[in-house]
Amino acid sequence: MAAILYTDHGAAVRVSPAGRALTDAVLAALGAPSILNTQPWHWRIDGDTAQLRADRSRQLPVIDPDGRLLTLSCGAALHHARVALAADGFAAEVTYLPDAGDPDLLATVRVTGAGERTAAAQRLRRAIGIRRTDRRPFAERDVPEAALDGLRRAAATAGANLHVVRPRDLVDVVVAAGHAADVERADPAYRAELATWVHDGAEDGVPPATAAEGGPRPVPVRDFTGTPDALPSVYAGGDVADRHARYAVLVTGGDLARDWIAAGEALSAVLLTAAGDGLAASPMSDLVEVLPARTMLRRMLGDVGHPAMVVRIGVPGRIQPAPASPRRPSGSAVDLAG
Ligand SMILES: Cc1cc2nc3c(=O)[nH]c(=O)nc-3n(C[C@H](O)[C@H](O)[C@H](O)COP(=O)(O)O)c2cc1C
């Protein structure tokens, strides 16, 4: 039976059970992570189908000129929507890049009927509500190897390979991260773009309270202040934080839009699985934004594919959850065909 759905524009539209499920799924997908919290997606729900479009007005021209990270962010949103549908007991069919003449239409999701409500889907669905990017130093405890295996499986199921960096290769990550930070901070255009998106806005951007804190770290996380020497140096002689963090690289076979969507779906799968396991994580794309750093990761992994994203994973250092980042109102990111 069709239900009446009230949107946050105040308008009311009549929707089928499939439309209702898609609406719930798309609303859950608004919680997905995105580069600098740009939330560069737009959803349109029409009957039993949702269309996911890239919102190019939210692309970062300096950090992401090819739209790779924009597309990856949309892939993460797509995975969130699929998780929500599966948890609600709906089967769905996803068509990637369905219109060659319209490359910003990244995917359509069509509800095809009832699906099995698995415990695994429920677990990931709950994780959507608790997952946050946690840039704080992690605890002085190792990540269990079994949990890392689970993250590898989650990524593979979603379409990309997750390579957990071996301790003996960590030096490559240290050098790549340091180089990426130096190159980006020296670029005035990068600093200006960062400054546009780091703010206490109500709808998007990275709130300064969520930025990195704590002592020096072997692998620097992105410095959201954009100023040289803002983060403490490991050479200053203080305690070094984050020594138990693990780093993992999501790798795709190709380097085209379809691969970037897969990397985004895999990123979401990894982050939600980690959150469900009580682990903390933060994506690190600066290492793939700067070509020599990305090339270094690629060589470190033996040229097995294209590094799409780095994820920092650890045991949370605090009981209190990491501070939340805002989201756009649903009305600006979702259209319901009435
Ligand atoms: C494609 C992509 C790239 C990202 N790159 C970084 C990064 O380099 N450094 C970082 O600290 N966070 C990074 N993030 C995390 C976002 O900043 C974060 O998802 C966003 O601010 C929303 O916060 P939330 O994840 O807590 O909801 C990235 C996320 C995505 C999806």
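Both ligands and their constituent atoms are indexed starting at 1 by order of listing. Computation of the quantities below employed the complete heavy-atom set of this structure, encompassing side-chain atoms and omitting hydrogens, waters and symmetry-equivalent molecules. Every value quoted in this text rests on a predicted model; they were computed, and no experiment measured them.
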- How about R141: does its CZ atom have over 12 heavy atoms from other parts shown lying under 6.0 Å from it? no
- Message: Please determine whether a side-chain nitrogen of the Lys or Arg among D102 and R53 lies less than 4.0 Å from a carboxylate oxygen of the Asp or Glu.
- Response: yes
- Message: Test side chain to side chain donor-acceptor pair (under 3.5 Å) on R222 and S285; report intermediate values, then the result.
- Response: CA-CA 9 Å; R222 193 194 291 275; S285 57; 3.2 Å; yes
- Note on the structure: Of T71, T133, I63, V310, the residue with the heavy atom nearest atom 26 (O) of ligand 1 is T133
- Message: Suppose we measure from atom 19 (O) of ligand 1 to each protein heavy atom; which comes out shortest, and what is that distance?
- Response: P33 CB, 3.1 Å
- Return the residue, atom name and 0.1 Å-rounded distance of the protein heavy atom closest to atom 11 (O) of ligand 1. R135 NE, 2.5 Å
- Message: Pairs of nitrogen or oxygen atoms closer than 3.5 Å, one from S34 and one from ligand 1: do any exist?
- Response: yes
- Task: In plain terms, say whether R68 and D255 are close enough for a salt bridge, that is, a side-chain N and a carboxylate O under 4.0 Å apart.
- Result: yes
- Where is the nearest protein heavy atom to atom 10 (C) of ligand 1: which residue, which atom, and how far? P283 O, 3.2 Å
- Message: Checking a contact table here: which protein heavy atom is nearest atom 23 (O) of ligand 1, and how many Å away?
- Response: S325 OG, 3.3 Å
- What atoms of ligand 1 come closer than 4.0 angstrom to any heavy atom of S73? 1 (C), 31 (C)
- Task: Starting from I128, walk the hydrophobic network (Ile, Leu, Val, Met, Phe, Trp, Tyr; side-chain heavy atoms closer than 4.5 Å) and list everyone else you reach, by chain and number.
- Result: V83, L124, L272
